[in-house]
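Only heavy atoms go into these numbers, but all of them, side chains included; no hydrogens, no water, no symmetry mates.
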Amino acid sequence: MEGRIFLGGGGEGYGTPQGLRLDYANRHGLIAGATGTGKTVTLQVLAQGFADAGVPVFLSDVKGDLSGLARPGSDTHKLHGPFTERAATIGLDLTYAAAPVTFWDLWGKAGHPVRTTVSEMGPLLLARLLDLTEVQEGVLNIAFRVADEEGLALLDLKDLQSLLIWVGQNADTLSLRYGNVASSSVGAIQRSLLILEGQGGDLLFGEPALELSDLMRIAPDGRGYINILAADRLMGAPRLYPTFLLWLLAELFEQLPEVGDPEKPKLVFFFDEAHLLFDGAPKALVDKVEQVARLIRSKGVGVYFVTQNPEDIPEDILGQLGNRVQHALRAFTAKDRKALQQAAQNYRDNPRFDIEDAIREVGVGEAVTSLLERKGIPGMAERTLIRPPASQLGPITEAERAAVMATSPVAGRYDVAVDRDSAFEVLARRADEAAKAAEAAEAAEDKADAEEREHKAGRRYSGTSVGKSTTRSRSSRGDSVGTAFAKSFARSIGSRAGRTLVRGVLGSLFRGR
C-alpha cells in the first residue's frame with residue numbers, strides 16, 4: 001500500500017486492506033483494549049511499519065516483549081502456522097525481518113544510559129515528579145529563578161540539593177524579594193529528592209544529556225531506527241516513568257521546527273501505559289499535555305497513546321487522536337458497560353455492524369479501527385484482523401541484546417557520566433571562601449582584642465623594649481593595707497618635710513605631758 005502502513009484486513013472476510021496514511025500519521029492515535037487482547041502486537045506492527053517507511057520511532061517496553069523488534073520472526077515459532085493462515089486471509093505476503101533498533105535504559109543495563117539535566121526538566125515537571133504541593137512548587141520555582149540569576153547550572157540532583165540548602169540559609173532575604181520561603185517547604189522538597197534518589201532518579205539527571213537527534217536517526221538502508229526504552233524496572237517508579245516521557249515530548253516540541261503537514265512524520269512517539277500520565281496529575285500538567293499534543297503535530301511528530309480504556313485519556317486530549325485501534329473491552333460491571341458505550345460513540349458508524357457489539361466481541365488480534373482518510377476525515381469503523389508481525393514475537397536473549405548495543409550508532413557516547421562544574425561545586429567554593437574569610441576575620445579580631453587588653457594593662461613603649469611598671473602594682477596587689485601604710489610612712493620620714501612634721505608632733509606630745 002503506497003503511502004500507507006498496512007495494518008490488517010477488514011470488511012467481509014477480512015479481505016479489504018486497512019492502512020494508516022503516513023501523511024495523516026502525525027494527527028496522533030490511540031491503541032486501547034483490555035489485557036491480553038493484542039495491544040502490544042498492534043504496537044509492534046505499527047512501529048515496524050513506521051520504521052520501514054523511514055520514520056524513526058520512540059516507544060517504551062513495559063514488559064520486555066518489544067525487544068523482539070531487533071530480531072526477525074521464525075518459521076519455527078509456535079505461532080508460525082496461525083500467522084501464515086492469517087496472512088493468507090488478509091492478503092499479506094508474510095516475510096520475516098528485523099527492524100533497526102537502539103536500546104535505552106535509565107539504569108544503563110538493558111540499554112544505553114539516558115539522561116537529562118535538572119534545568120532541562122524544569123520546575124513544572126519536577127514538581128510533578130516530586131509530588132509537591134502548590135506552596136512547595138512555588139519555592140521550587142524561586143530556587144530555579146535564583147539559579148538563573150546567580151548563573152548556577154543545575155545538572156544533577158546534588159546541584160539542586162545544594163541550591164535548596166543555600167535558599168534555606170538565605171530565606172529571609174529571598175522572602176523580601178520573591179515571597180515567603182518557608183524552611184518547612186524547603187525541607188519537604190529535600191525529603192522528596194531523597195525518595196526520588198532512592199528510586200533511581202539520580203541516574204536520570206546528569207550529563208551527557210540525551211541528544212534528540214540520536215532519537216531521529218535513519219539507517220543506511222533508509223529505514224528509521226526504533227528507540228526502545230526498557231521500562232520494566234522503570235514502572236516501579238510510577239511518577240518517574242510518565243514524567244520522563246512528558247519531558248521528552250516537551251523537548252521535541254520546543255526544539256523541532258515547524259513543518260506543517262509533511263508526507264510522513266519526522267518521529268512517532270508511543271506512550272504505553274498512558275493512564276499513568278494522568279493519574280492524580282494537577283490541572284496545570286494536564287493542560288500542558290493538551291497544549292503539546294495539540295501543537296506538536298505541526299512539528300511533524302505523531303503521538304500514540306496505548307492504554308486499556310479510552311476513558312483513561314482526558315476528553316480534550318482524546319478528541320485529538322484521529323487514528324484509533326480499539327481492541328476488545330470486557331463489560332463485567334455497570335461501570336464497564338458505560339465505558340464500552342462511550343468508546344463506541346467515538347467511532348464513525350458502520351451500517352454493517354453495531355460498533356458497541358463489535359468492541360465487545362472482537363477476538364485476540366482483532367480490533368475495531370478508524371483511520372483518517374483524505375482531508376483528515378475519520379474513516380468508517382471496521383472490524384480489522386491485525387496482520388502478523390514481521391519481527392520476533394516476544395523478547396530476545398541478553399546476549400542478543402548485548403550484540404545489538406555493541407553495534408549501535410550511539411555506542412560509547414552516553415556510557416560514562418560526566419560531572420562538570422555546576423551549582424554544587426560553585427556553592428561549595430563559595431562556602432569554603434566564606435569560611436576562610438570568617439576565620440581570617442576572627443583571627444584579626446582576636447589580635448585586636450589582645451592588643452587592646454595589653455594597652456589597658458599599661459604597656460608602654462620605652463624606646464628599646466615594651467615594659468611595665470610592675471613594682472607599684474605588685475605592691476598594691478600583694479601587700480596588706482597596714483603594710484602599705486607602714487612603707488608609705490617610712491618613706492615620709494626619709495624626706496625633710498616628713499622629719500619636720502615628726503619633730504613637731506613629738507614636741508607637742510612632750511609639752512602636753
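- Side-chain atoms of Gln136 and Ser185 form no donor-acceptor pair, as typed in the model, at a separation below 3.5 Å.
- For the pair Asp312/Phe305, no side-chain contact is recorded, criterion being any heavy-atom separation below 4.5 Å from C-beta on.
- Rounded to the nearest 0.5 Å, atoms CG (Leu140) and CG (Leu160) are 6.0 Å apart.
- Between Arg233 and Asp105, none of the side-chain N atoms (NZ, or NE/NH1/NH2) sits under 4.0 Å from a carboxylate O, so this pair counts as no salt bridge.
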Take Leu372 and Ile377, measure what side chain to side chain contact (heavy atoms under 4.5 Å, CB included) needs, and give me the verdict at the end. CA-CA 5 Å; Leu372 293 177; Ile377 299 173; over 6 Å; no
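- Using a 4.0 Å cut-off between charged side-chain N and carboxylate O, Arg430 and Glu150 make a salt bridge.
- Leu163 places none of its side-chain heavy atoms less than 4.5 Å from the side chain of Phe424.
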Working note: Leu132 + Ile189, criterion side chain to side chain contact (heavy atoms under 4.5 Å, CB included); need CA distance, chi angles, decisive distance, verdict. CA-CA 7 Å; Leu132 301 183; Ile189 299 172; 4.2 Å; yes
Going through the checks in order, is the side chain to side chain donor-acceptor pair (under 3.5 Å) test met by Gln392 and Ser74? CA-CA 7 Å; Gln392 176 178 309; Ser74 172; over 6 Å; no
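- Taking each heavy atom of Val146 and Trp166 in turn, the nearest pair found is CG1-CZ3, 3.5 Å.
- No donor-acceptor pair closer than 3.5 Å links the side chain of His327 to the backbone N or O of Ile31.
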Going through the distances and angles, do Ile296 and Phe269 end up as a side chain to side chain contact (heavy atoms under 4.5 Å, CB included)? CA-CA 11 Å; Ile296 200 171; Phe269 189 96; over 6 Å; no
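- With contacts defined as side-chain heavy-atom distances shorter than 4.5 Å, the pair Leu130/Glu137 does not qualify.
- No donor-acceptor pair under 3.5 Å is formed between the side chain of Gln320 and the backbone N or O of Ile317.
- The backbone N or O of Val404 sits nowhere less than 3.5 Å from a side-chain atom of Ser408 that would complete a donor-acceptor pair.
- Judged purely by atom type and a 3.5 angstrom limit, Arg401 uses its side chain to pair as donor or acceptor with the backbone of Ala110.
- Here the OG1-CG distance, from Thr243 to Leu129, works out to 4.5 Å after rounding to the nearest 0.5 Å.
- Looking only at distances, a side-chain donor or acceptor of Asn227 sits under 3.5 Å from a matching main-chain atom of Val57.
- Of all heavy-atom pairs between Arg223 and Asp221, the closest is NE-OD2, 2.8 Å.
- For Ser391 and Gln44, the side-chain atoms include at least one donor-acceptor pair closer than 3.5 Å.
- For the residue pair Tyr414 / Asp214, a side-chain donor-acceptor distance below 3.5 Å is found, with atom types taken as modelled.
- The minimum heavy-atom distance between Pro389 and Tyr96, with the atom names listed, is O-CE2, 4.0 Å.
- Atom CZ of residue Arg21 and atom CZ of residue Arg27 lie 10.0 Å apart, to the nearest 0.5 angstrom.
- Remark: the Thr40 side chain and the Asp65 side chain contain no N/O donor-acceptor pair separated by less than 3.5 Å.
- Taking each heavy atom of Ala53 and Lys264 in turn, the nearest pair found is O-NZ, 2.8 Å.
- In this structure, Val167 and Leu174 have side chains that are in contact, with non-hydrogen atoms separated by less than 4.5 Å.
- Screening Val301, Leu245, Ile228 against Phe58 for a side-chain contact (heavy atoms from CB on, under 4.5 Å) leaves a single residue, Leu245.
- The NZ atom of Lys299 sits 5.0 Å away from atom CD of Glu258, with the distance rounded to the nearest 0.5 Å.
- Between His112 and Trp104, the ring planes are perpendicular. Angles over 60° get that label, and only those under 30° would be called parallel.
- One N or O on the side chain of Asp156 and one on the backbone of Asp159 form a donor-acceptor pair closer than 3.5 Å.
- Ion pairing between Asp202 and Lys158 fails under the 4.0 Å rule for side-chain N and carboxylate O.
- Here the closest non-hydrogen pair linking Leu193 and Leu164 is CD1-CD1, 3.6 Å.
- Annotation: side-chain contact (heavy atoms from CB on, under 4.5 Å) contacts of Leu212 (sequence neighbours excluded): Leu215, Leu248, Glu251, Leu252, Gln255.
- The line from CD of Glu211 to CE of Met216 is 12.5 Å long, rounded to the nearest 0.5 Å.
- With hydrogens and angles disregarded, a donor-acceptor distance shorter than 3.5 Å links the side chain of Asp61 to the backbone of Ser67.
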From CA spacing to verdict: side chain to side chain contact (heavy atoms under 4.5 Å, CB included), Tyr304, Leu59: CA-CA 10 Å; Tyr304 287 73; Leu59 55 86; over 6 Å; no
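- Using a 4.5 Å cut-off on side-chain heavy atoms (C-beta onward), Thr117 and Ser119 make contact.
- A salt bridge does not link Glu207 with Arg115: none of the charged nitrogens is closer than 4.0 Å to a carboxylate oxygen.
- Between the Asp446 side chain and the Ala443 main chain, no donor and acceptor come within less than 3.5 Å of each other.
- Partners of Arg177 under the side-chain contact (heavy atoms from CB on, under 4.5 Å) rule, at least two apart in sequence or in another chain, are Glu149.
- Side chains of Arg217 and Thr102 form no contact here, defined as non-hydrogen atoms less than 4.5 Å apart.
- Using modelled atom types, one finds no donor on one side chain facing an acceptor on the other under 3.5 Å when comparing Glu273 with Thr307.
- Between the CD atom in Glu263 and the CG atom in Asn26 there is a gap of 12.0 Å [rounded to 0.5 Å].
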Given the rule in the side chain to side chain donor-acceptor pair (under 3.5 Å) test, do Ser60 and Asp272 qualify, once you have shown the distances and angles that lead to the verdict? CA-CA 6 Å; Ser60 53; Asp272 201 2; 5.0 Å; no
Test Arg429 against Asp421 for salt bridge (Lys or Arg N to Asp or Glu O under 4.0 Å), laying out the working first. CA-CA 11 Å; Arg429 283 197 300 269; Asp421 201 63; 2.9 Å; yes
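- Between Ala423 and Leu152, the shortest heavy-atom contact is CB-CB, 3.9 Å.
- For residues 235-255, every residue pair satisfying the ring-ring contact (aromatic ring centres under 6.0 Å, His included) rule, not counting sequence neighbours, is listed here: Phe244-Trp247.
- Under the 4.5 Å side-chain criterion, counting only non-hydrogen atoms from C-beta, Leu204 is in contact with Leu240.
- Within the 4.5 Å cutoff, the side chain of Asp52 has heavy atoms near those of the Gln48 side chain.
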